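Here the structure comes first, spelled out in structure tokens, and everything after it is commentary.
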Protein chains: 2
Amino acid sequence: MGIQGKIHNQIRRLRFEHDEMTQAALAKAAGVTRQTIMSLEANKYSPSLELAFKISRVFNKPLTEVFSYEQTEP
Amino acid sequence: MGIQGKIHNQIRRLRFEHDEMTQAALAKAAGVTRQTIMSLEANKYSPSLELAFKISRVFNKPLTEVFSYEQTEP
DNA sequence: ACTAAAAGTAAAAAATATATTACTTAATGT
DNA sequence: ACATTAAGTAATATATTTTTTACTTTTAGT
């Protein structure tokens with residue numbers, strides 16, 4: 001999707017707050033590829049809900065603290 | 001994805017709580033097809049994060065009140 | 001019983017996310 | 001300066017989500 005709002009994430013920041021966790025380490029912990037993490041940090045696309053939950057769980061944060069939806073009113 | 005946890009949603013319940021909102025009405029409000037809503041209620045797959053945010057917004061609830069991630073410990 | 005609206009089912013196409021592979025660039029330590 | 005590790009880029013393949021279309025069944029009202 002992608003006309004209305006945009007998804008932002010705090011992945012990069014949270015990685016550093018978690019002892020400079022590496023992209024590869026996060027990827028492994030979340031059960032995805034490093035490229036997936038890369039693409040998310042580079043905002044190439046937004047993740048599936050499942051992946052969003054997994055990443056949040058790695059950081060021990062509620063999903064909405066990791067991902068946010070910036071809505072442009074239609 | 002889909003080995004570890006499962007995503008549950010409260011869409012159907014929330015539709016009824018919102019004045020018996022119809023699947024078609026929710027679909028329109030969220031900017032997707034009725035089939036998409038159907039498939040989500042039938043748990044055929046889990047949505048994109050963006051759609052999850054959109055649906056939550058229609059119900060005026062935080063995402064985590066509409067969608068939950070039931071995690072089976074690995 | 002009839003009608004209309006809503007919900008369910010299904011198949012295939014289109015769009016988007018994720019994996020795989022491989023290479024390049026940047027950063028860090030020795 | 002060299003080696004190593006992390007990060008960035010990119011192309012293609014695979015998987016998953018969403019649309020489109022069309023038809024069937026259920027539900028509610030008259």
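Model, not experiment: these values are computed from the prediction. Lettering of chains follows the sequences in order, A, B, ..., and the numbering in each one begins at 1.
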From [X] [atom1] over to [Y] [atom2], what is the distance, rounded to the nearest 0.5 angstrom?
X	Y	atom1	atom2	value
A:E65	A:N60	CD	CG	10.5 Å
A:Y69	B:L63	OH	CG	11.5 Å
B:H8	B:S46	NE2	OG	11.0 Å
B:K6	B:S68	NZ	OG	12.5 Å

What integer distance in Å separates [X]:[atom1] from [N]:[atom2]?
X	N	atom1	atom2	result
A:I7	C:dA17	CD1	C1'	13 Å
B:K28	D:dT20	NZ	P	15 Å
A:I11	D:dA6	CD1	C1'	17 Å
B:I37	D:dT19	CD1	C1'	13 Å
B:L51	C:dA17	CG	C1'	14 Å

Distances for protein N or O near nucleotides 25-27 of chain D N or O, under 3.5 Å:
none

[X] vs [Y] side-chain heavy atoms within contact, under 4.5 Å:
X	Y	result
B:K61	B:Q10	no
A:L14	A:N9	no
B:F67	B:I11	yes
A:M21	A:F59	yes

(request) Can you pull out how bent the helix from C:dA1-D:dT30 to C:dT30-D:dA1 is, comparing the axes over its first five and last five pairs, to 10°? (result)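 The value is 50°.
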(request) State which residue, out of A:I55, A:V32, A:L40, fulfils the side chain to side chain contact (heavy atoms under 4.5 Å, CB included) condition with A:P47. (result)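 Only one of A:I55, A:V32, A:L40 forms a side chain to side chain contact (heavy atoms under 4.5 Å, CB included) with A:P47, namely A:L40.
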(request) Could you run through nucleotides 21-30 of chain C and give me one letter per nucleotide, 5' to 3': B if any protein heavy atom sits under 4.0 Å from the base, S if only the sugar-phosphate is that close, - if neither? (result) BB--------
(message) So does A:T36 get a backbone contact from the side chain of A:T33, meaning a donor-acceptor N/O pair under 3.5 Å?
(response)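 Answer holds: no.
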(request) Examine distances only and state if a side-chain atom of A:S48 and a backbone atom of A:L51 form a donor-acceptor pair shorter than 3.5 Å. (result)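 Checked: pair present.
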(message) Give the residues of residues 13-26 of chain B touching DNA chain D, defined as any heavy atom closer than 4.0 Å, sorted by residue number.
(response)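 Contacts with DNA chain D under 4.0 Å: none.
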(message) Any residue in residues 38-46 of chain A with a heavy atom nearer than 4.0 angstrom to DNA chain D? Just list them by number, or reply none.
(response)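 Close to the strand are A:M38.
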Polar atom pairs (N or O), protein with nucleotides 28-30 of chain D, under 3.5 Å:
none

(message) So which atom in A:Q23 and which in A:E41 form the shortest heavy-atom distance, rounded to 0.1 Å?
(response)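 Heavy atoms of A:Q23 and A:E41 come nearest at NE2-OE1, 3.1 Å.
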(request) Search all heavy atoms of A:A30 against all heavy atoms of A:K54 and return the closest pair with its distance. (result)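 Between these two residues, the closest heavy atoms are O-CD, 3.4 Å.
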(message) Is A:S48 close enough to C:dT18 that one of its side-chain N or O atoms is under 4.0 Å from OP1 or OP2 there?
(response)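 Looking at the OP1 and OP2 atoms of C:dT18, one of them is under 4.0 Å from a side-chain N or O of A:S48.
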(request) Report yes or no: do B:M38 and A:L49 belong to one cluster of Ile/Leu/Val/Met/Phe/Trp/Tyr joined by side chain heavy-atom distances under 4.5 Å? (result)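 No, no single cluster joins them.
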